Amino acid sequence: MSDLVKSALPGARAEGLVSIEEMGLSGMVTLRVDLSAAGAAIAQVTGADMPGPRAISAGQGCHVAWMSPDELLILCDHARADAMVADLTAALEGQHHLAVNVSDARALFRVSGPGGALRDTLAKITPADMSADALPPGEMRRTRLQQVAGAIWFESETEARVICFRSVARYTFDLLAMSAKPGGAVGYH
Amino acid sequence: MSTRLSTGGRLIDRSRKIAFTFNGKRLTGHPGDTLASALLASGQTIMGRSFKYHRPRGVVASGAEEPNALVNLGQGKTHEPNQRATTTELFDGLTATSQNHWPSLEWDIGEVNALLPRFLPAGFYYKTFIHPRAFWKHVFEPFIRQSAGLGKAPDPKQTDPDRYEHFYAHTDVVIAGGGIAGLQAALEAGRAGAKVILCEQTAHWGGRAPVDGVEIDGKPAEDWINDTVQVLEGMENVHLRLRTMVAGVYDHGYILAYERVADHAPAADTPRHRLWRIRTARVIAATGALERPLSFPGNDKPGVMLASAMRDYITNWGVSPGDRTVVVTNNDDAYRTALAIKAAGLDVPCIVDAREEADGPLVQEARARGIRVLTGMGIANVKGLRGVVAVQLCRQAGEGAVVEDIVCDAVAMSGGWSPVVHLWSHCGGKLTWDKAGAFFRPDHDRPPTDQTGEGFVVCAGAADGALHATDCLSNASTSARNMLVSMGKPAPEAEVAKATAAHEAPLAPIWVMPQGAGPKKRSKMWLDFQNDVKVSDVQLAAREGYESVEHTKRYTTLGMATDQGKLSNINGLAVLADALGEDIPRVGTTTFRPPYTPISMGAIAGEARGEIFQPLRRTPLHDWHVDHNAYMEPVGHWRRAYCYPQKGESHRDAVNREIDATRGGLGLLDASTLGKIIVKGPDAGRFMDMLYTNMMSSLKPGKCRYGLMCSENGFLMDDGVVARIDEDTFLCHTTTGGADRIHAHMEDWLQCEWWDWKVYTANVTEQWAQIGVVGPKSRAVLEKLGTDMDLSNAALPFMGWTAGKVGGFDMRIFRIAFAGELSFEVSVPASQGRALWDALHEAGQEFGVTAYGTEAMHVMRAEKGFIMIGDETDGTVIPQDLGLDWAISKKKEDYLGKRAQERSHMTDPTRWKLVGLETLDGSVIPDGSYAVAEGVNANGQGMTQGRVTSTYYSPTLKRGIAMGLVLNGPDRMGEVIEFNTTKKPAKGETPKTVKAKIVSPVFYDPEGEKQNV
Amino acid sequence: MRRYSAFAIAREAARHHLGWERAWRSPTPKAHYDVIIVGAGGHGLATAYYLGKNHGIRNVAVIEKGWLGGGNTGRNTTIIRSNYLQDPSAAIYEKARSLYETLSQDLNYNIMFSPRGVMMLAQTQHEIRGYQRTAHANALQGVATEFISPRRVKELCPIINIDGPRYPVLGALWQARGGTARHDAVAWGYARACSDMGMDIIQQTEVTGVRREGGRVVGVDTTKGYIGCGKLGIVVAGHSGVMAERAGFRLPIESVALQALVSEPIKPVMDVVVMANTVHGYMSQSDKGEMVIGGGADGFNNYTQRGSFHHVEETVRALVETFPIISRLKMLRWWGGIVDMTGDRSPIISKTPVEGIFVNCGWGTGGFKAIPGSGWAMAELMAKGHSPLAEEFSMTRFREGKFIDESVAAGVAH
Amino acid sequence: MLTFTCPYCGVTACEAELSPGGEAHLKRFGPGSTDEQFEDYLFLRPNVKGVHFERWRHAMGCGKWFLAARDTATLEVFGTYKAQTTEPPADIVAAIRAKRPDWSLT
Ligand SMILES: Cc1cc2nc3c(=O)[nH]c(=O)nc-3n(C[C@H](O)[C@H](O)[C@H](O)COP(=O)(O)OP(=O)(O)OC[C@H]3O[C@@H](n4cnc5c(N)ncnc54)[C@H](O)[C@@H]3O)c2cc1C
Ligand SMILES: NC(=O)c1ccc[n+]([C@@H]2O[C@H](COP(=O)([O-])OP(=O)(O)OC[C@H]3O[C@@H](n4cnc5c(N)ncnc54)[C@H](O)[C@@H]3O)[C@@H](O)[C@H]2O)c1
Ligand SMILES: Cc1cc2nc3c(=O)[nH]c(=O)nc-3n(C[C@H](O)[C@H](O)[C@H](O)COP(=O)(O)O)c2cc1C
Ligand SMILES: [Zn+2]
């Protein structure tokens, strides 16, 4: 079965001012709950502290990203997502919440390269401030990637993640690849 | 004749030559040349033709303000009309042709217009071409159109090969203009630690100062400029950008800047243009000032140039615009041009100064160099047809009697300077009239304001009215420092460099030369060179009551040409003020609008072309459809397979085959685009009851129910099947186009109205691949794949749902049937979608498995009488119109749209209602046809009694079937009505109609036996 | 009034055009008028004109806060068509279009009505069906339109990329006698004709208040003082909300910015008007040579006559895709107007809760084409209390739920 | 091109990341209301030239609706606040008063 399970753009890669690659399937769980009252349950299931606004906190084999005052996105192994949903549901028993596996609804890209070029490339496709002060590693910015919705965060100064909906994975990839085309260096960041 | 001087030219590299062509002629220039300087150096003084009279025109300016020297640049794919020669950097292989003439630049038939200007005054076209009526369309307009327009249109068979991109930047300060003022402002802001982007539209830093002989701290300005640029380059927080024009200043600190990345190096593999979309806290417009022409008879002839441009050509590019140049001025600055001409070894027969007295240091120097200075004088006429051969002098105070003829081949004119206040004004900054300088400058008390209500633009240097170099640096420094304080980022104390330049006496505001010129002379004084607007035209507008400066602009087209009146507007409004007997500030300016200079459409569209023109949404099965020759149709940004034509099949054949196969055995539909929204929480039932017209809270887990959603305004907005997952949870299916809209609609009501209700939603549309497994063999194929579920009718009846494994896939199965057959809508996580689709095809071979597209789906649902959002509904239809009363709860007190549906027109019994329609002759009623009724209404329109909403050929019934909304339709079963066609009837015949019988909309399996097995 | 003609020009040429008289007078206001129209845009001026011409009411003032024609009438993309779907719309727009045909002669002012043809591209199956429906409706409404093939589209407009990879052109709704007119001239021509009938056009004067006695209007306060009137017509487009408040009622209207832009002029390449609703943009070429371009309206309340860049970006992107040749043309100027959007995007020509006050507004993004018809109907309504053309456009229709929804047929409604 | 700071996630978002939603603080009228009340609720708008309370959704971000007080003639923003309120909060009213002394909440 596993070889039949496919991410949006298996193996897609582009090289230019930075490298872009589709990261394959990744587990993602949307959790909607009053975050102010769910810290313990989250910690119990994920091992992560409740992230502050826009932050991503690390847990055991997973990351927890703040999406809004009543929404988290939990990133984990693809295979673990269903169990994660079940565990969250159990841990939040009796509390109004919604946990749902959305792993297959998205596509995830690794964009890596020299820090300046990396931030410049991203700054061609989003109105969000891509400077290091405005978006340091560990913070997620949900925004617009030209004509589609998406989110960006930095793992380090030389590696970023871009996430979008699965149906527009090709668009997002092409957009990134075009922005990273040699000859298009900007030298701003 | 213009020519290259043997020395000089600070911007050119004389050691190298580059070749280019103009009108096919091979010419050469140097790196650093603009097309204009290279043309002048080659003796090419005529560069274009004016718009209306096709007058021969030479270059008048040296920068972005140029109205005359516009060329067609490049050929074929890279052809670009209306390129200003003055801002086009010369590159090897450049080809340019001149515009707006036939047959040639030198001999233009259109020039006959120039002989008739008396018959073509401003707005003449409003007064004539009125009779006979048909002549306008067939004779006059085609003639006007043919002679109008400027550059050659690009060839429609070619596509622009270049790429473009956008770049978003966020900063504290954007500085427009890299003259000494901009550089000084950047120093201040940079030292204060602000993030700065400094943009200069040309390829060089420093602006006018190096040409004007300014000294800074005792050294030539150029040294200071180089040093300062170096300092700025060393600052981490300062970003310098050449060839980048700040195009517009918008609300809330939004700036567009236009970087011409590769216009000067077209062979490079880079984007051609980059559009900077900048958010900034503050803007410093250090955009300098523009020199104004003087209005004297013949001021538009090739060879008449702005004085500052003339010295630019000499100093920057080592080009002589003429051997003998008469300088005509109302100020001291133009004397610099006379001195520069002299210094280049050329002749200045005289300086014609309109002021009664002239005695500043520059004047004295000119006199000392032996230049004849005539005061109180003006130009009565410029002699020459395609160039200047002499000027005739007169008293400025008089009517223009000629005092003296002076032989010359060029004229340098200066009417004073106007600060470039465009960027200040774009967002509402107001101006004040500076009497001494005779120009508008920013009114510091009325700046454009940002989101906090604070002024966010300042002007610096010449742009702020500090024209003289001595004031310019201190002004820039003070403006920048004040602004930094207002931002809470004060700049550290630092010595401001001292600029020095010769002192200048005040100018005399001269708008017309000579002052008492009669109508004949005024009709030869050009204000707007490109659009051929003359002093007499503005006066005519005033006389005819087009008194507002905006009326005058539109009536005469003053300032509407490609230079947007950079040279003409102030002169024009001064002439208007005079004609009205008003003060200039009372007359005011026209509105400044972006862009500062024109920017390419390519840059505005950015990267969005070809594959990434728009996002194209793909389902997990997308590639399969493409591989199987699907004809894809756009549904929103999705692409869906419309049908899968096989070799030799028309679309219609394919649709019919797909339907037959589905009804006869097994069809598969990619239904992944259907919206899927989870609604969960203790109040979910209550919320669902508000969203849907029917009762959803009573739905049992494991069951599905079809539901309708209305807008608060009562109209049907979406429909779909709801599955109850558990006590707390519903799964709502929406239409393909509805998913995002409906999810937003739900969140709107939850967040903004019922925020105390405990309900969460999640849009999981893309998590699932959904496949319609449809037809009598649908159960068999699923069972064949192997499943742990009981799929029998008893265990999983119609409108039930279940979850489990099929063939190793994690699957949800819904017993819903849009086609009216036994069918299972199955969904699996998107990552498994393609594998399942393939497995179904493989297993389905023995059942004649056939993929069907959206059109087959539409026809099959129409055969069943199911409505389709967007066909039966159009935003004006309520569920009651569609006979869907059964899906509207009578028990519920409230649902979205209920109150709206109680309004008188909504309950009107004469609303058209849904019925089926069967043509008498079996034909298909045309799409969109109306049912005709007797007579006409009060406005003479044919009466109607209904319209068709869906109409198809039914391969199942082998005839045309349709649904439609008909007046009292459900009560008129069996009645025959007529539908109109758009076929034009032959003469004398009545328009053709199609007769159809009103029937039940359910054409196929009315008892539902097929789906219920 | 001295008539305009080629003859008159020749005569004036001989004396350097010193003999032309004012196109309209700039009078000081009288104390009282039978009718005051607020707003000297196209609709206000046309209302005044037909009050005089059709109903003999000439003691009329048109009061304008700025310069006449400076509102949306002076800043629109001038598309004229009447291929509307709903009967009431088709009736008034076709009335307007047919009046445009002879307006130059009627006003003795060349307004350059140019029936060069308007096509609305169908780029999805859904749009094909929508436009076929319109074509069928138009056939019964007496509006000459037809649905044409992609080949014909290409013949009529060679610069369209009809087999664009993304949205191939599948056909178009074609109205051969739709087109454009010179927008300023429409305002100026009506103003001149009104002035000639003795009406007063009072510019640079804002109506700041409305006075009532016993539930009836008696006059208006203006920046030039009080002026009495028998009837009052409020025809102020984007400022309808502001004026309604001054008159004491509310309207189902929101004011938002709509933007347009022009390219630099080029030699003629496009003889027709093309609207591409799937991608949201439309374009025509003016007689001067610029490409005149517009798209959709901004979404928030705004009185600044400036819009947002991303809407223009979307429009230009769409048009570069539809007309690839414009990629290397340049945008010359870009501006906005404040348009008055009703709940169903159709206009209001109506009596109001205040006796003697009438409103004409809600033309939103598409009222230039309606000017003569709207003026005709409004004048009739004001003079007689009833007009068949205005009947369905009453402001009470929202209460009854009797909408005239045109968005059905066209995403971009110009 | 407006900017607003989303009161939920703290992001200062560009207009292109937001979607506008018209007038704020509408009171819903459902079944049982008069035709006038319903018309007033759904259609009649003050459409003020001046201080305007309005709805925006952080659509390309946290997804939350928020409210803003903005001047429609100058585009000045006096503040943003959460959607779960039936009238402008006191601090917003104070912020407007500070800038527009003549203004009153009607
Ligand atoms: C960018 C753009 C493109 C458009 N494109 C098209 C198109 O292609 N085709 C089409 O048919 N329509 C189009 N329209 C719509 C069309 O322009 C308008 O519907 C039409 O011009 C409205 O005319 P009007 O006379 O009602 O309003 P306006 O021309 O706006 O006139 C109203 C006048 O009232 C004045 N006024 C306001 N308040 C007061 C007061 N208190 N006292 C005195 N005077 C006052 C204003 O100053 C203004 O002059 C477009 C609009 C815009 C903005
Ligand atoms: N003596 C006079 O009468 C007189 C009159 C005018 C100017 N000057 C001289 O002009 C100089 C003034 O210096 P300054 O720095 O204020 O002006 P400047 O004209 O030297 O520099 C302005 C710079 O801004 C650039 N620019 C303009 N608009 C732009 C835009 N939208 N985007 C990007 N760049 C843009 C121009 O290309 C130019 O380089 C002094 O040297 C002064 O002596 C003198
Ligand atoms: C149909 C049409 C064509 C136009 N053509 C030009 C033009 O060729 N040149 C120009 O500068 N402006 C042109 N404009 C824009 C006007 O200059 C002006 O921007 C517009 O009427 C709005 O007024 P405002 O900018 O003064 O607010 C045109 C406007 C319209 C409506
Ligand atoms: Zn937010």
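Proteins come first, then strands; the chains are lettered A, B, ... in the order of their sequence lines, and each starts at number 1. Just so we're clear, the structure is a prediction, and the values are computed from it rather than from any experiment.
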Chemist: Can you tell which of B:His426, B:Glu633, B:Arg277, B:Met906 has the highest number of heavy-atom pairs within less than 4.5 Å of chain C?
Modeler: B:Arg277
Chemist: Before giving the answer on side-chain hydrogen bond (donor to acceptor under 3.5 Å, both in side chains), spell out for B:Gln83 and C:Lys330 the whole-Å C-alpha distance, their side-chain angles and the decisive distance to 0.1 Å.
Modeler: CA-CA 9 Å; B:Gln83 197 62 10; C:Lys330 296 192 245 36; 3.2 Å; yes
Chemist: So which part of B:Ser548 gets closer than 4.5 Å to some heavy atom of chain C, the side chain, the backbone, both or neither?
Modeler: side chain
Chemist: Would you mind reporting whether B:Asp874 and C:Arg133 have side-chain heavy atoms less than 4.5 Å apart?
Modeler: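 SC-SC contact between C:Arg133 and B:Asp874 confirmed.
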Chemist: How many angstroms lie between atom NZ of C:Lys402 and atom OG1 of B:Thr876, to the nearest 0.5 angstrom?
Modeler: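 With rounding to 0.5 Å, NZ (C:Lys402) is 13.5 Å from OG1 (B:Thr876).
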Chemist: What part of B:Phe979 lies closer than 4.5 angstrom to a heavy atom of chain C: side chain, backbone, both or neither?
Modeler: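 Neither part.
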Chemist: At a heavy-atom separation under 4.5 Å, does C:Leu319 approach chain B through its side chain, its backbone, both, or neither?
Modeler: neither
Chemist: Name the option with the most non-hydrogen atom pairs under 4.5 Å to chain C; the candidates are B:Gln158, B:Gln901, B:Lys520.
Modeler: B:Lys520
Chemist: Examine whether an atom of B:Ile878 lies under 4.5 Å from a heavy atom of chain C, and if so say whether it belongs to the side chain, the backbone or both; otherwise answer neither.
Modeler: neither
Chemist: Heavy atoms only: give me the nearest B:Thr591-C:Arg333 pair and the separation to one decimal.
Modeler: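 That closest heavy-atom pairing would be O-NH2, 2.9 Å.
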Chemist: Drop me the distance from B:Tyr642's OH to C:Gln125's CD, to the nearest 0.5 angstrom.
Modeler: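 Going from the OH atom of B:Tyr642 to the CD atom of C:Gln125 covers 4.5 Å.
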Chemist: Is there side-chain contact between C:Arg166 and B:Arg639, with heavy atoms separated by less than 4.5 Å?
Modeler: yes
Chemist: If I measure from the heavy atoms of chain C, does B:Phe613 come under 4.5 Å with its side chain, its backbone, both, or neither?
Modeler: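 Contact with chain C involves both backbone and side-chain atoms of B:Phe613.
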Chemist: Output yes when B:Glu547 and C:Arg22 qualify as a salt bridge under the 4.0 Å nitrogen-oxygen rule, no when they do not.
Modeler: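 Between C:Arg22 and B:Glu547 there is a salt bridge, with a charged N closer than 4.0 Å to a carboxylate O.
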Chemist: Counting only non-hydrogen atoms closer than 4.5 Å, does C:Pro115 touch chain B with its backbone (N, CA, C, O), its side chain (CB onward), both, or neither?
Modeler: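 Contact with chain B: backbone and side chain both.
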Chemist: Taking side chain as everything from C-beta outward and backbone as N, CA, C, O, which of these in C:Thr102 sits under 4.5 Å from a heavy atom of chain B? Side chain, backbone, both or neither.
Modeler: both
Chemist: Using heavy-atom distances under 4.5 Å, tell me whether C:Asn161 contacts chain B through its side chain, its backbone, both, or neither.
Modeler: neither
Chemist: Identify the heavy atoms of C:Lys267 and B:Lys152 that sit nearest to each other, and give their distance.
Modeler: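 Minimum heavy-atom contact is CG-CA, 4.5 Å.
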Chemist: Within the 4.5 Å heavy-atom criterion, are B:Gln941 and C:Leu140 side-chain neighbours or not?
Modeler: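 B:Gln941 vs C:Leu140: side chains apart.
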Chemist: Given a strict heavy-atom distance threshold of 4.5 Å, which part of B:Thr78 is in contact with chain C: side chain, backbone, both, or neither?
Modeler: both
Chemist: Which one of B:His551, B:Glu550, B:Arg554 satisfies the side-chain contact (heavy atoms from CB on, under 4.5 Å) criterion with C:Asp184?
Modeler: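 By the side-chain contact (heavy atoms from CB on, under 4.5 Å) criterion, C:Asp184 pairs with just one of B:His551, B:Glu550, B:Arg554: B:Arg554.
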Chemist: Under 4.5 Å from any heavy atom of chain B, what part of C:Glu21 do you find: side chain, backbone, both or neither?
Modeler: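 For C:Glu21, backbone heavy atoms alone lie under 4.5 Å from chain B.
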Chemist: In terms of heavy-atom proximity below 4.5 Å to chain C, should B:Lys157 be classed as side chain, backbone, both, or neither?
Modeler: neither
Chemist: Can you list the residues that meet the ring pair (Phe, Tyr, Trp, His ring centres under 6.0 Å) rule with C:Phe309, with sequence neighbours excluded?
Modeler: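 Listed in chain order: C:Trp334.
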Chemist: At a 4.5 Å cut-off on heavy atoms, which part of C:Ser308 comes close to chain B: side chain, backbone, both, or neither?
Modeler: neither
Chemist: Between B:Tyr254 and chain C, with a heavy-atom cut-off of 4.5 Å, which part of the residue counts as in contact: side chain, backbone, both or neither?
Modeler: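 B:Tyr254 touches chain C through side-chain heavy atoms alone.
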Chemist: Sort out for me which of B:Ala938, B:Gly606, B:Gly870 touches chain C most, counting heavy-atom pairs under 4.5 Å.
Modeler: B:Gly870
Chemist: Name the region of B:Ile604, side chain, backbone, both or neither, that has any atom closer than 4.5 Å to a heavy atom of chain C.
Modeler: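 For B:Ile604, the contact with chain C is made by backbone and side chain together.
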Chemist: So, do B:Pro595 and C:Met331 sit near enough that their side-chain heavy atoms are less than 4.5 Å apart?
Modeler: yes
Chemist: Below 4.5 Å from any heavy atom of chain C, which atoms of B:Asn531 appear? Answer side chain, backbone, both or neither.
Modeler: side chain
Chemist: Could you tell me if the side chain of B:Glu141 sits less than 4.5 Å from the side chain of C:Met112, heavy atoms only?
Modeler: no
Chemist: What part of B:Ala603 gets within 4.5 angstrom of chain C, counting heavy atoms only: side chain, backbone, both, or neither?
Modeler: neither
Chemist: Is chain C contacted by the side chain of B:Leu70, its backbone, both, or neither, given a heavy-atom distance below 4.5 Å?
Modeler: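 Neither part.
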Chemist: Is it the backbone or the side chain of C:Ala90 that comes under 4.5 Å from a heavy atom of chain B, or both, or neither?
Modeler: both
Chemist: Please classify the contact between C:Ala137 and chain B as side chain, backbone, both or neither, with a heavy-atom cut-off of under 4.5 Å.
Modeler: both
Chemist: Under 4.5 Å from any heavy atom of chain C, what part of B:Gln614 do you find: side chain, backbone, both or neither?
Modeler: both
Chemist: Would you check if C:Asn110 and B:Phe140 make a side-chain contact, meaning some heavy-atom pair closer than 4.5 Å?
Modeler: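 No, too far: nothing below the 4.5 Å cut-off.
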Chemist: Any chance you could lay out the side chain to side chain contact (heavy atoms under 4.5 Å, CB included) test for B:Asn939 and C:Gln141, step after step, and finish with the verdict?
Modeler: CA-CA 9 Å; B:Asn939 292 316; C:Gln141 292 154 344; over 6 Å; no
Chemist: Within the structure provided, determine whether C:Arg306 and B:Asp251 are in side-chain contact (heavy-atom separation under 4.5 Å).
Modeler: yes
Chemist: Nearest 0.5 Å please: distance from the NE2 atom of C:His136 over to the OG1 atom of B:Thr944.
Modeler: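 C:His136 NE2 to B:Thr944 OG1: 13.0 Å, rounded to 0.5 Å.
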Chemist: Side chain, backbone, both or neither: which part of B:Val932 has a non-hydrogen atom closer than 4.5 Å to chain C?
Modeler: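 The side chain, not the backbone.
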Chemist: Report the residues that fulfil side chain to side chain contact (heavy atoms under 4.5 Å, CB included) with B:Thr159, sequence neighbours left out, ordered by chain and then residue number.
Modeler: C:Pro324
Chemist: Can you tell me if B:Arg903 uses its side chain to pair, donor with acceptor, with the backbone of C:Phe398 under 3.5 Å?
Modeler: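 Judged by distance alone, yes, a pair lies under 3.5 Å.
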Chemist: Pick whichever of B:Ser600, B:Gly942, B:Pro926 has the most heavy-atom pairs under 4.5 Å with chain C.
Modeler: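 The option with the most such pairs is B:Ser600.
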Chemist: Taking side chain as everything from C-beta outward and backbone as N, CA, C, O, which of these in C:Glu391 sits under 4.5 Å from a heavy atom of chain B? Side chain, backbone, both or neither.
Modeler: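 For C:Glu391, there is no contact with chain B at all, as no heavy atom is under 4.5 Å.
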Chemist: Need one label for C:Asp344: side chain, backbone, both or neither, based on atoms under 4.5 Å from any heavy atom in chain B.
Modeler: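 Contact with chain B is absent: no heavy atom of C:Asp344 under 4.5 Å.
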Chemist: Under 4.5 Å between any side-chain heavy atoms of B:Phe715 and C:Asp405, yes or no?
Modeler: no
Chemist: Is a side-chain donor-acceptor pair under 3.5 Å present for B:Tyr126 with C:Arg182?
Modeler: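 The answer is yes; a qualifying pair exists.
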Chemist: Nearest heavy-atom pair of B:Pro81 and C:Ile266: which atoms, and what distance?
Modeler: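 Answer, listing the atom of B:Pro81 first, then C:Ile266: CG-CG2, 3.6 Å.
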